[in-house]
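What you see is a predicted model, and the numbers here were worked out from it, not measured in a lab. Excluded from the calculations below are hydrogen atoms, water molecules and symmetry mates; all remaining heavy atoms, backbone and side chain alike, are included.
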Amino acid sequence: MKNQRVYNFSAGPAVMPLPVLEKIQEEMLCLPGVGASVMEISHRSEAFKAILASAQANLRSLLAIPDTYEVLFLQGGSRLQFSMIPMNLLSPEQPSADYLVTGSWGKHALAEANKHGDMKCVWTGAETNFDRLPEPAKIKHTPNAAYLHYTSNETIQGVQFPEPVDAGETPLVCDVSSDFLHRPIDVSKFGLLYACAQKNAGPAGVTVVIVRKDLIDDVNEDLPGYLRYENHAAADSMMNTPPTFAIYALKLITDWIKKDMGGLAKLHELNCGQAKLLYDVLDANPEFYEGHAQPDCRSLMNVTFRLPSKELTQKFIAEAAKKELTALAGHRSVGGIRASIYNAMPTSGVECLRDFMEDFCKANA
Ligand code: PMP
């Protein structure tokens, strides 16, 4: 039986900040002034409404979200967004949208969207097994596309756009599930951003959608009620019972980013430094560790690499676990190793993995 926390490199649900878990523990039986747990009170109570408002306000201030955008807390994960986006943003005048496919999640998003129209895949990295991103000039924009969809960080392949894609006048829609809140971004460049929480923003259960108000008013009223963004905006994310515990945890995480971590710019610096520790080991030992992503699009959140054989990969995972470094196996569709180093991974965890990688290479190369 383990009773010590390990260094958990899970891709999601993932490590959460220790001070946030401690706060949850402290308030688990009784929210101060309320006399019950956050899980036991009405979502329409003043106490919960204050938590939801504070979670929204934290996101608005961290990301400098303009007033012309809604911040919605939904359920169904990012997968449901793959469907809600085309259902809400396509129209008889604009029945199609453009998709960049830079990895597994972009592929899933496109497949779902194709059920609602004839989407255009304007770039795919499939030919090189999703190890790179398009040069801006290689992206072919379709005139009259309702939006351009891309995935800022492909969690499985570990490729990440360093800057937002330029879509010209076309609204930019981005799946930021696995790099949400890891750095400042200019929200005004986007029509819609969405992220499931279970990487950088809390436990599974809530999905954040940040959307330009003008894109969602006037949408077909015959859509199933839950699937129409405007209904959630009108009800301030309380159209149905929202995932109250997950929203509470998101509020605590955004408090932690603001107060303990000093905001997103500081966090970005920290994330760059931590990722460099691991990429430096790959670069110093190219015969032994083969990074999956091309160097110019390496993810700051998911570091993916392969070892020379399946046997060595298994040995790496087993020996790492003995050092309390866990959840390092690559996604079942690509194999190899994936070290997810989200915001809450302490530097000591990355240093410990870096040391282990160096030792393992010396012993086995
Ligand atoms: N997009 C990305 C980039 C993801 O990493 C994930 C989850 N790993 C999803 C979408 C799907 O999210 P969910 O399981 O919450 O539907």
Side-chain angles (χ1 to χ4, degrees), residues 2 4-25 55 59 62 73 75 77-79 81 103-105 151-160 175-183 194-208 243 245-257 260-261 264 267-268 270-275 277-278 292-293 298-305 317 320-321 323-334 336-354:
K2 273 201 198 310
Q4 291 284 334
R5 282 176 66 75
V6 295
Y7 288 125
N8 167 21
F9 293 91
S10 169
V15 58
M16 284 174 53
L18 191 56
V20 169
L21 294 175
E22 285 167 346
K23 182 88 175 162
I24 291 172
Q25 185 179 42
L59 289 175
L62 281 168
F73 296 128
Q75 298 177 73
S78 288
R79 285 260 186 185
Q81 294 312 306
S104 304
W105 291 110
T151 313
S152 54
N153 181 62
E154 282 285 357
T155 324
I156 292 175
Q157 284 79 13
V159 295
Q160 182 179 30
D175 176 355
V176 292
S177 294
S178 55
D179 63 0
F180 189 45
L181 299 177
H182 90 296
R183 65 172 292 180
Y194 64 102
C196 49
Q198 66 268 20
K199 287 106 175 21
N200 268 341
V206 63
T207 302
V208 178
F245 178 76
I247 293 170
Y248 159 75
L250 186 144
K251 182 242 177 237
L252 295 182
I253 287 195
T254 46
D255 282 345
W256 170 79
I257 296 176
D260 297 22
M261 304 312 286
L264 294 179
L267 206 45
H268 185 220
L270 191 73
N271 283 322
C272 289
Q274 291 192 176
L277 294 179
L278 301 186
H292 179 76
R298 285 170 162 174
S299 170
L300 297 180
M301 299 282 106
N302 311 97
V303 178
T304 50
F305 57 93
I317 292 166
K323 300 213 174 287
E324 312 289 331
L325 304 165
T326 68
L328 284 162
H331 188 269
R332 58 191 184 281
S333 63
V334 296
I337 302 291
R338 170 174 53 175
S340 297
I341 47 172
Y342 297 118
N343 287 345
M345 173 56 69
T347 305
S348 57
V350 185
E351 286 170 349
C352 199
L353 177 59
R354 185 254 338 254

Where is the tightest heavy-atom contact between [X] and [Y], given as atom of each residue plus distance?
{"X": "K251", "Y": "T254", "value": "O-OG1, 3.0 Å"}
{"X": "L325", "Y": "G349", "value": "CD2-O, 4.2 Å"}
{"X": "A204", "Y": "A246", "value": "O-CB, 4.1 Å"}

Could you check whether any side-chain N or O of [X] sits under 3.5 Å from a backbone N or O of [Y], counting only pairs where one atom can act as donor and the other as acceptor?
{"X": "T151", "Y": "D175", "result": "no"}
{"X": "N200", "Y": "L181", "result": "no"}
{"X": "Q198", "Y": "G205", "result": "no"}
{"X": "R338", "Y": "T155", "result": "yes"}
{"X": "S78", "Y": "C196", "result": "yes"}

query: Between Q81 and T207, does a side-chain hydrogen bond (donor to acceptor under 3.5 Å, both in side chains) hold up when you go through it step by step?
result: CA-CA 9 Å; Q81 294 312 306; T207 302; 5.8 Å; no

Which pairs would a plain distance check flag for residues 6-18, meaning a side-chain donor or acceptor within less than 3.5 Å of a matching protein atom at least two apart in sequence or in another chain?
from	atom 1	to	atom 2	distance (Å)
Y7	OH	S348	OG	2.8
N8	OD1	S10	N	3.0
S10	OG	G12	N	3.2
S10	OG	P13	O	2.7

Distance (rounded to the nearest 0.5 Å) between [X] [atom1] and [Y] [atom2]:
{"X": "I253", "Y": "I24", "atom1": "CD1", "atom2": "CD1", "result": "7.0 Å"}
{"X": "Q274", "Y": "L267", "atom1": "CD", "atom2": "CG", "result": "9.0 Å"}
{"X": "I337", "Y": "I317", "atom1": "CD1", "atom2": "CD1", "result": "4.0 Å"}
{"X": "E22", "Y": "L252", "atom1": "CD", "atom2": "CG", "result": "12.0 Å"}
{"X": "N153", "Y": "W105", "atom1": "CG", "atom2": "CH2", "result": "12.5 Å"}
{"X": "M301", "Y": "S340", "atom1": "CE", "atom2": "OG", "result": "9.5 Å"}

- request: Say whether N302 and Y342, considering side chains only, have a donor N or O and an acceptor N or O under 3.5 Å apart.
  value: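 Checked: N302/Y342 side chains pair up, N/O donor to acceptor below 3.5 Å.
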
Do [X] and [Y] make a side-chain contact, defined as non-hydrogen atoms from C-beta onward lying under 4.5 Å apart?
{"X": "L300", "Y": "H268", "answer": "yes"}
{"X": "W256", "Y": "M261", "answer": "yes"}
{"X": "Q157", "Y": "V334", "answer": "yes"}

message: D179: which residues meet the side-chain hydrogen bond (donor to acceptor under 3.5 Å, both in side chains) condition with it, sequence neighbours left out?
response: S152, Q160

